[in-house]
Amino acid sequence: MSKHTAVSSSNSLLISSQATHWSQQHILSLLSQLIILLIAVFIVTSMVVNLGERRLQEDWADQRYSELQTVASLASDKVSFLQFRTQTFAKGELLRQYLQKPSAQLQSRTIESWDSLTKNIPELLGLALFNPQGQLQFSTTGSFNNMQLPAALLGSGRNMGGNDIYTSPMAFTPVDGILEPYFYQLSWIENPDQSIKGYLVTYNSIVKLLETIKPAFFNQNSPLLLLDTQGFLYAGANQPEPLDSMPDTLGSSLKQTYPELWRVMAMNNFGQFHSEDATFVYLKVELTSQYETKREYFLLSYIRHDDISARYEQWRIVLIIAGCLVALLASLLVILRHRFVLERRSNQNSLQLSNGLFNSELSCLIVNDSGRIQSANAKAASALSLSIDALKDRSLQRVLHLDDDRLNQIKEALIQDKQWHGEIRLETQNSSMLQTHIRSEKCPNSNEHYWLITFEDISALFDSQRQAYLYQLMSNSAVATALTDANGVLIKCNDQFDQLMSLHGDTDISLTTLLGDEVSNQWQNITAQISLQGEWTAQIMPFNHSRYDHCLKTTLVGQLTFDGDIEYLICTFEQTTPTVLAKNSSNVIGHRSAIVLRLNELENYFINLGDSIKKYSSLLVMDINPEGIFSNMGNVSQLEKRQKDIELQLLIELPLHYQIAQWQLGKLVILLTDTNANSAHQYAINMMKTLEEKNLAEGINIGIASYQPAQSLDQYLTNAEIALKRAKQSVDQNICQAFTRPSNNETNNIG
């Protein structure tokens with residue numbers, strides 16, 4: 001073999017498996033770093049996108065706020081202009097002439113002049129003249145005929161007059177069937193001595209006033225809403241696609257539709273509000289100031305975040321593409337770094353691996369292509385019972401005690417497959433069995449080959465397999481035997497069980513399926529008895545579609561865990577003659593007291609009993625559901641658990657000829673055969689003592705009845721129920737007997 005002092009590449013490694021390999025650990029490490037990198041890039045990209053979109057929202061809000069300030073200034077100027085215009089109308093020549101000499105002709109000419117003004121001025125809804133008493137004389141429109149002038153503006157007690165113009169609060173009136181928001185302005189028409197000639201009132205449309213200022217505010221993306229200080233909407237209704245939380249009809253209240261926004265607006269004169277769906281900008285404006293009160297209103301505008309997202313779509317795509325490129329480049333960098341580290345570690349560890357190969361726990365030999373051992377480690381020398389020096393340059397065939405045929409077989413496998421697996425038994429004093437793997441490798445930079453041999457002493461495993469084989473031979477006895485888990489699923493069975501059940505090697509089946517529905521229904525009780533007593537025995541009769549034709553004596557023995565749970569069941573089956581003929585639908589006979597029956601099963605069992613057995617029997621009814629104990633538990637799960645605990649406790653010490661059954665939830669029935677009144681009462685007393693020791697006797701009442709000739713199970717239960725009722729009524733005892741059979745000249749009694 002060629003000797004090399006350095007490892008320049010993977011070709012110079014001792015064996016090919018020393019080359020760079022991506023292990024599962026390296027792959028998981030790489031994947032974890034890539035996942036963290038991608039998550040970090042995703043988070044950063046998402047933050048940049050969200051911050052950019054939020055910045056666009058703030059920019060829009062700032063720009064919109066500037067526009068609202070402009071609108072507010074223009075609206076205030078417009079209202080001031082309207083005051084000047086109202087004053088001009090009040091000093092008009094036609095109106096002056098009419099007030100000096102009222103006539104129908106002058107009134108008509110004045111109305112015609114005013115109609116011309118309302119047609120040419122969009123925001124002017126109409127004009128009206130009121131007499132000094134505040135009564136309407138005439139007007140250009142009938143929409144405001146019901147309007148009354150405030151009393152504070154009339155008479156000598158007023159605070160305004162002369163050239164003052166009164167501006168009213170905004171209100172609504174129907175115009176041509178459409179609700180129109182408006183405000184009116186009032187001018188005092190005075191005589192030279194400051195007495196009142198009348199009042200001129202101009203009605204102005206709020207919506208048209210705003211439209212003349214800034215029509216662009218009423219587009220879909222950024223609507224303009226005008227609200228008063230109570231939150232009622234006066235302009236900006238009927239948007240094409242309004243937000244659900246925005247008032248959409250004139251007179252509706254923002255305070256009701258969006259109380260969160262209104263609370264912020266009510267506490268501030270201006271500002272921004274960001275919700276999940278939109279960004280809002282609001283500004284409180286004062287349209288006019290006069291002696292009585294200020295006229296303040298809110299200008300509100302908003303933009304949907306979806307509209308901002310649509311504007312930001314191109315930048316979002318650019319940022320996402322940039323994030324993907326960064327993630328791709330960073331991923332390539334991480335992969336290249338891992339590759340570089342693996343290459344460097346591979347080159348550094350190759351010589352250490354070669355030198356430390358023979359210091360491991362694995363038995364290793366290096367053999368040249370002539371069959372001579374070149375090197376061996378201490379583990380191999382110990383397994384071969386020779387020293388390391390004694391192994392060097394020895395023939396592999398002699399060391400492993402290989403005959404010529406076996407050696408030729410190994411050489412052919414190495415030529416064809418480059419490796420050979422097999423077991424080799426050493427003909428030594430210990431007769432060790434070696435699991436051997438031989439691989440053919442080529443020396444770097446040379447045409448020479450060598451064999452790398454690794455082996456393991458499997459003598460103990462071989463002996464265990466042989467022992468298992470002997471146990472298998474021993475299990476193939478005349479008795480059918482099967483091993484199952486706690487649920488009855490077959491794990492292993494012998495040939496006799498396979499033949500008995502006609503499995504034909506198919507063990508993927510449950511034991512309860514093979515033995516019938518009755519065993520399946522009672523399986524929980526059977527396993528409970530096995531947990532308590534260690535085994536369960538019964539005779540199983542054939543049933544419809546059963547796989548066996550004879551009665552089987554069945555014994556189930558449990559293998560329990562440290563906690564007392566069933567881990568395995570050892571099941572044996574022997575053909576036998578039934579001790580009792582099976583009747584009705586039951587196919588399980590014998591040892592029925594080991595399980596808790598249903599009431600119909602107890603009735604079948606009772607019917608099949610002979611009259612002589614029934615004659616000396618008693619029936620015990622136990623009530624385990626006293627009033628007040630489970631009244632506050634909300635469901636019956638606690639009662640079911642308590643009943644189950646009592647059933648298991650009774651099964652532990654239940655005599656073989658007694659049978660327990662469930663009557664209903666909270667009541668148990670025990671049939672006592674081969675007994676009399678005294679022994680039945682004594683059994684009830686002993687049973688109560690046992691339950692008291694387990695803290696299960698609280699509130700339990702027992703009724704006992706003895707058998708009467710020609711009595712059915714229902715009559716039997718009725719008599720026991722009478723005794724149970726009297727036991728509940730008794731204060732000093734909880735056991736009562738009824739219909740006791742006469743014995744030794746005693747008469748029937750209840751006690």
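None of the values given here were measured: they were computed from a predicted structure.
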Could you tabulate the donor-acceptor pairs under 3.5 Å formed by side-chain atoms of residues 255-264, not counting sequence neighbours?
| from | atom 1 | to | atom 2 | distance (Å) |
| --- | --- | --- | --- | --- |
| T257 | OG1 | S245 | O | 3.1 |
| T257 | OG1 | S253 | O | 3.3 |

Could you pull out the closest heavy-atom pair between S331 and L38, with the gap in Å?
OG-CD2, 4.3 Å

Compute whether any side-chain donor of one residue and acceptor of the other, for S510 and T512, lie under 3.5 angstrom apart.
yes

Kindly say whether E286 contributes a backbone atom to a donor-acceptor pair with the side chain of R295 at under 3.5 angstrom?
no

Starting at CD of Q57, measure out to CG of D307 and round the result to the nearest 0.5 Å.
11.0 Å

side-chain contact (heavy atoms from CB on, under 4.5 Å) evaluation trace for V207 with E211
CA-CA 6 Å; V207 175; E211 286 180 349; 3.7 Å; yes

Decide side-chain contact (heavy atoms from CB on, under 4.5 Å) for L299 and L225; before the verdict, give the C-alpha distance in whole Å, the side-chain angles of both, and the deciding distance to 0.1 Å.
CA-CA 6 Å; L299 290 175; L225 283 75; over 6 Å; no

Check whether any side-chain heavy atom of M147 sits under 4.5 Å from a side-chain heavy atom of Y203, and report yes or no.
yes

Would you say F42 has more than 12 foreign heavy atoms packed within less than 6.0 Å of its CZ?
no

Smallest separation among heavy atoms of L154 and L149, with atom names
CD2-CD1, 4.2 Å

A side-chain contact here means heavy atoms from C-beta on lying under 4.5 Å apart; do Q69 and R64 qualify?
no

Would you check if there is a donor-acceptor pair between the side chains of Q83 and T167 at a distance under 3.5 Å?
yes

Aromatic contact between F144 and Y182, with the criterion being ring centroids under 6.0 Å apart: yes or no?
yes

Report the C-alpha separation of L233 and D248 in whole Å, then their side-chain angles, then the decisive distance to 0.1 Å, and conclude whether the side-chain contact (heavy atoms from CB on, under 4.5 Å) test is met.
CA-CA 8 Å; L233 180 66; D248 190 37; over 6 Å; no

Would you check if F89 and L124 make a side-chain contact, meaning some heavy-atom pair closer than 4.5 Å?
yes

Under 6.0 Å from the CD atom of E93, do we count more than 12 heavy atoms belonging to anything else shown?
yes

Around atom CD of E313, are there more than 12 heavy atoms from other residues, nucleotides or ligands closer than 6.0 Å?
yes

One should read off an interatomic distance between L250 CG and L179 CG, to the nearest 0.5 angstrom, of 5.5 Å

Heavy-atom check, side chain of L30 versus side chain of V334, under 4.5 Å:
yes

Using a strict threshold of under 4.0 Å (side-chain N to carboxylate O), is an ion pair present between E123 and R85?
yes

So how far is it from F298 CZ to L227 CG, rounded to the nearest 0.5 Å?
8.5 Å

For G126 versus T140, what's the shortest heavy-atom pair and its separation?
CA-OG1, 3.2 Å

Using the rule given for side-chain contact (heavy atoms from CB on, under 4.5 Å), can you reason through T202 versus N204, listing the C-alpha separation, both sets of side-chain angles and the distance that settles it, and then say yes or no?
CA-CA 7 Å; T202 60; N204 301 283; 3.8 Å; yes

Is it the case that the side chain of E180 and the backbone of T173 share a donor-acceptor pair, with hydrogens and angles ignored and the cut-off at 3.5 Å?
no

With a cut-off of 6.0 Å (strictly less than), are more than 12 heavy atoms of other residues, nucleotides or ligands near CD of Q524?
no

In this structure, CD1 of I121 is separated from OG1 of T212 (nearest 0.5 Å) by 11.5 Å

Between CG of L28 and CD of Q33, what distance do you get to the nearest 0.5 Å?
11.5 Å

Side-chain polar contacts of residues 101-117 - donor-acceptor pairs under 3.5 angstrom, sequence neighbours left out - could you list them?
| from | atom 1 | to | atom 2 | distance (Å) |
| --- | --- | --- | --- | --- |
| S103 | OG | L106 | N | 3.2 |
| T110 | OG1 | L106 | O | 2.7 |

Is there a donor-acceptor contact under 3.5 Å linking the side chains of E53 and H305?
no

Minimal heavy-atom distance between A235 and L210, with the atoms involved, is CB-CD1, 3.8 Å

Value for CG (D517) from CH2 (W523), rounded to nearest 0.5 Å, stands at 14.0 Å

Would F130 and Y199 count as a close aromatic pair, with their ring centres under 6.0 Å?
no

Any I320 side-chain heavy atom under 4.5 Å of R316 side chain
yes

Is the count of non-hydrogen atoms from other residues, nucleotides or ligands lying under 6.0 Å from F84 atom CZ greater than 12?
no

Using modelled atom types and a 3.5 Å cut-off, is there a donor and acceptor pairing between side-chain atoms of Q87 and backbone atoms of N163?
yes

Any chance the side chains of Q272 and D62 put a donor and an acceptor closer than 3.5 Å?
yes

Shortest non-hydrogen separation from E296 to T229 and the atoms involved
O-CG2, 3.5 Å

With ring pair (Phe, Tyr, Trp, His ring centres under 6.0 Å) as the test, would you mind laying out the steps for F273 and Y282 before giving the verdict?
CA-CA 8 Å; F273 182 82; Y282 59 91; 8.3 Å; no

Of all heavy-atom pairs linking T45 and G323, the shortest is OG1-CA, 3.7 Å

Do L186 and S168 come close enough that some side-chain heavy atom pair is under 4.5 Å?
no

Check whether any side-chain heavy atom of M170 sits under 4.5 Å from a side-chain heavy atom of D228, and report yes or no.
no

Between the main-chain N or O of N487 and the side-chain N or O of D485, is there a donor-acceptor pair closer than 3.5 Å?
yes

State whether the number of non-hydrogen atoms from other residues, nucleotides or ligands found under 6.0 Å of Q24 atom CD is greater than 12.
no

Verify side chain to side chain donor-acceptor pair (under 3.5 Å) between Q662 and E647, making sure each step is shown before the conclusion.
CA-CA 9 Å; Q662 293 179 350; E647 290 175 359; 2.6 Å; yes

In the structure I gave you, are the side-chain heavy atoms of L668 and W663 within less than 4.5 Å of one another anywhere?
no

Please answer whether the main-chain N or O of G134 pairs with a side-chain N or O of N131 as donor and acceptor at a distance below 3.5 Å.
yes

For the residue pair Y297 and Y234, does the interplanar ring angle fall in the parallel (under 30°), tilted (30 to 60°) or perpendicular (over 60°) class?
perpendicular

Take a 6.0 Å sphere around CG of N191 and say whether it holds more than 12 heavy atoms from other residues, nucleotides or ligands.
yes

Crowding at CG, D176 (>12 non-hydrogen neighbours, <6.0 Å):
no

